[in-house]
There are 2 protein chains.
Amino acid sequence: MVSIKDIAKQAGVSISTVSYALNGSPKVTKETSARILAIAKELNYIPSAAARSLKKRETKIIGIYLTDYSGAFYGQLLQGMMETLSENGYELIVCSGKESHRFLPERMIDGAIILDATYKTEELLSHAERGHKLVVMDRRMDHSNISQVLLDNKAGATLAIDYLAEKGHQKIYVVKGPDISFDAMQRLEAVQKAVQRYSQIEYIELQGDFNKLSGEAAAKRVHQEFSEPVGVFCLNDEMAIGMYNYFSRTNLRVGEDVHIIGFDNIEVSQYVQPRLATINYSKHKWGALASELLLNLIKKQKNEHERINVSLIEGDSVRNR
Amino acid sequence: MVSIKDIAKQAGVSISTVSYALNGSPKVTKETSARILAIAKELNYIPSAAARSLKKRETKIIGIYLTDYSGAFYGQLLQGMMETLSENGYELIVCSGKESHRFLPERMIDGAIILDATYKTEELLSHAERGHKLVVMDRRMDHSNISQVLLDNKAGATLAIDYLAEKGHQKIYVVKGPDISFDAMQRLEAVQKAVQRYSQIEYIELQGDFNKLSGEAAAKRVHQEFSEPVGVFCLNDEMAIGMYNYFSRTNLRVGEDVHIIGFDNIEVSQYVQPRLATINYSKHKWGALASELLLNLIKKQKNEHERINVSLIEGDSVRNR
DNA sequence: TATAATAAAGGAAACGTTTGCAACAAGAGA
DNA sequence: TCTCTTGTTGCAAACGTTTCCTTTATTATA
């Protein structure tokens, strides 16, 4: 492997001069610099990232921690992150695998964005304590080395309940998410508050884990207890789609017997029949903002707390009772 | 930052002994080793990935190059890769950003899986020439440092045309993919061969780039030229969904006037109405196999060529003429 | 002309590991 | 008692950079 040492020898200069030249430092004259660069190109020189990051203590890479890749959901999110980071000379890597939590402490990445409920909060805190920079998207944390950008789950959940109520639904099921999920808990809390405002509403909670299968299971419960048209708020679209799957095999019709609204507005939601009513927000913006905050944290040592707005998307999955 | 040097000082041994102990070498006695490990833990020692990889010339990380993250498509693929790699002590990172192509030459990753048509073949070849290990999923390459695992596009495209023909369609549109895509070209080639077997078939090619919008554009063409029921083979599902979007705004009905079959069996395809007929294959297996071949390449220096089987999924988007 | 200031280049340490080799002690065999 | 193993530990070089500090050469100033 050709190193700056080889270039130095070839050019008849010292390795420090080569290093300066390669980094475009004004300390070395135009001519020497040009000569060195030419030789570097000729020798097919490729810098060693390991050596550089060992010395400079930075990698210009930031990591995003996700629970799972699935769902078209993440595509836009990552796209948003990438753009912001790329513009600032950073690369984005998606961290997966059971050992990837070591990326941050072992300094393979300069910072991390967390969207992975399984990552322990204490562990994140200890990273921050050690001086690492983080942005959390899936929990609330207050630390000078941590910024956060969260969805406005409360507003979203309230919109959903209001929508069902407005359409005249008085019996409302809520399919919950996993306890470990901050978003799920926030949404649930808001739901509980919202239904209290409607004295006539009968409100029932059903188990759920944000996956399709649990949506199907919840649908089964609803089916068994069915006597009159009901409203259902699935705390995410994934489970709502699971419900569609179930009801397509029964005599109950979505939008007639069972009125469903979801949360997230994932891609499939606009293609199912009838179109799923849901709560929307810009995944792209969410990702971009998270990256921006991380860069601010790294460059300006400034931590911030931001919120992503949500809005209601109407759909024929919820009609008047 | 605490290094093995600090541990050595604290333990009163040399740094080499610490290194051996940390790596579980049998060269150091159980007692010394235990003492060293205890001190390491106490000092909160964290190894430096940069230093290690500088010395060992390996990172235990492999990279996957994707064109874009979008599409639930990639979720399963990555899942398959992760599992195989994780089991073997490797981490997977998804390489994105305009500078990520440097990951391989600068030795940030030990090998790469390529599924990115924009990556130049010559560049890949030069990597291989330098001794880097690759697996390509999106082109054909023959080199001792490159393995390949491709979809059986020919079989898939043939199945699709046969299906349309079998259902009695005599006028068949094919919505092409981008020229840069190996899969698109292989599928198209197979289509051209397949239609020759049916003398009565009138066959028309339409432009496409694998994205929804181009599917919509193609649908518009079909609409304008419409006089009798036609068959359409979209070279991927994404474009087929684009066609659905377009036709939902017209008086033409999918599965009645326009009979569509796609390729890939992405998630939405099973939710659109009517269900999209398509060509299926296991994304999980594709990813897992690619990883396996890469590991073989790294460990046993053995390059292989594999193929992923495809199958037809029937759907009401194609009915008898 | 002597001196100071400026510009260009080189020397060498440091970043944190790994690893071949040398050193040393202790016990075994002769 | 002497040499030979065997087992345990230490020394030091190397991996490829960056960067602080000198040294040397050049030009400007008094």
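So that the names make sense, note that chain A is the first sequence line, chain B the second, and so on, each numbered from 1. Keep in mind that this is a model prediction, so the values were computed, not measured.
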Tell me, please, whether B:Tyr281 has B:Lys285 positioned over its six-membered ring: NZ or CZ under 6.0 Å from the ring centre and within 45 degrees of its axis? no
Base, sugar-phosphate, or nothing for B:Ile36, non-hydrogen atoms under 4.0 angstrom? nothing
Nearest-Å distance, [atom1] ([X]) to [atom2] ([N])?
X        : N      : atom1 : atom2 : result
A:Lys55  : C:dA13 : NZ    : P     : 12 Å
A:Ile7   : D:dG16 : CD1   : P     : 12 Å
B:Ile4   : C:dT18 : CD1   : P     : 6 Å
B:Arg107 : D:dC15 : CZ    : P     : 11 Å
A:Lys5   : C:dG11 : NZ    : C1'   : 13 Å
A:Leu54  : C:dT18 : CG    : P     : 12 Å
A:Met108 : C:dG16 : CE    : C1'   : 14 Å
A:Asp6   : D:dT17 : CG    : P     : 9 Å

Answer with yes or no whether the side chains of [Y] and [X] bring together a donor and an acceptor at under 3.5 Å.
X        : Y        : value
A:Thr17  : A:Ser14  : yes
B:Arg130 : A:Asn44  : yes
A:Asn296 : A:Lys302 : no
B:Ser48  : A:Arg107 : no
B:Asn153 : B:Asp183 : yes
A:Lys133 : A:Asn303 : no

Any residue in residues 11-35 of chain A with a heavy atom nearer than 4.0 angstrom to DNA chain D? Just list them by number, or reply none.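 A:Ile15, A:Ser16, A:Ser19, A:Tyr20, A:Asn23, A:Lys27 - these, ordered by number, are the residues of the stretch whose heavy atoms sit under 4.0 Å from the strand.
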Think A:Arg52 has a side-chain N or O under 4.0 angstrom from the OP1 or OP2 of D:dT18? yes
Nearest to the B:Arg57 side chain among C:dT17, D:dC15, D:dT17, which nucleotide is it?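 Given the options C:dT17, D:dC15, D:dT17, the side chain of B:Arg57 is closest to D:dC15.
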